[in-house]
Amino acid sequence: EAGVTQFPSHSVIEKGQTVTLRCDPISGHDNLYWYRRVMGKEIKFLLHFVKESKQDESGMPNNRFLAERTGGTYSTLKVQPAELEDSGVYFCASSRLVGGGPGNEQFFGPGTRLTVL
Amino acid sequence: GDSVTQMEGPVTLSEEAFLTINCTYTATGYPSLFWYVQYPGEGLQLLLKATKADDKGSNKGFEATYRKETTSFHLEKGSVQVSDSAVYFCALFRYQGAQKLVFGQGTRLTINP
């Protein structure tokens, strides 16, 4: 079974530009999450999709961030326009069961390292 | 709100040393607790978990016990290896309400031969 994949692995952009990150979850996983780790601090939740619907976007920093999940499969996270404080590592995770439960492990991708200059 | 506090790093040990990485949490209800590990160049991997008080999670020689009375989930290993060098994250998850992992700040561990 293929794992969670993310593209690109690294992105370096200038302040004011737009960047789009992509996440492909494990096939059949209904839950998809985005997290971010900034400057070696804790990993913070951004948002949660169940299939194509946003279940919880309470962690999205501001309206410069837009997440979509087309047809309940892959997801994109767009940052427009990017600011210096957006630099960090963006992780995507997916899990199988809707509704949670002790066995509902989240599987993480390798992350996208975003650097805004 | 929910939070996780873990031991500040970096931590450097010699091979075969005993390891403890402290983790405490604040949460309502009865969260599940996890340790994730990130090896260099890789994504986060679940190392071990415990879903209720007094449970002990274990994997690859690592152990952690869910202590509700002290709200702790300390990670231990009796004899570390160079291959254990990685960043370790403590996290909690509540199955009621917002279903998201809440992480600590991570502890970078380096094991010298």
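Quick note on labels: first sequence line is chain A, next is B, and so on, each numbered from 1.
Of the atoms belonging to B:Q45, not a single heavy atom falls under 4.5 Å from chain A.
By the 4.5 Å heavy-atom criterion applied to side chains, B:T24 and B:H74 are counted as neighbours.
When the options B:F18, B:Y88, B:Y36 are evaluated for a ring pair (Phe, Tyr, Trp, His ring centres under 6.0 Å) with B:F62, the one that passes is B:Y88.
Between A:Y35 and A:F45, the ring planes are perpendicular. Angles over 60° get that label, and only those under 30° would be called parallel.
Counting heavy-atom pairs closer than 4.5 Å to chain B, the top-ranked of the candidates A:H48, A:Q55, A:Q106 is A:Q106. Between chain B and the options A:Q6, A:K44, A:R37, heavy-atom pairs under 4.5 Å are most frequent for A:R37.
With respect to B:D54 and B:K52, no salt bridge is recorded, no charged nitrogen being found less than 4.0 Å from a carboxylate O.
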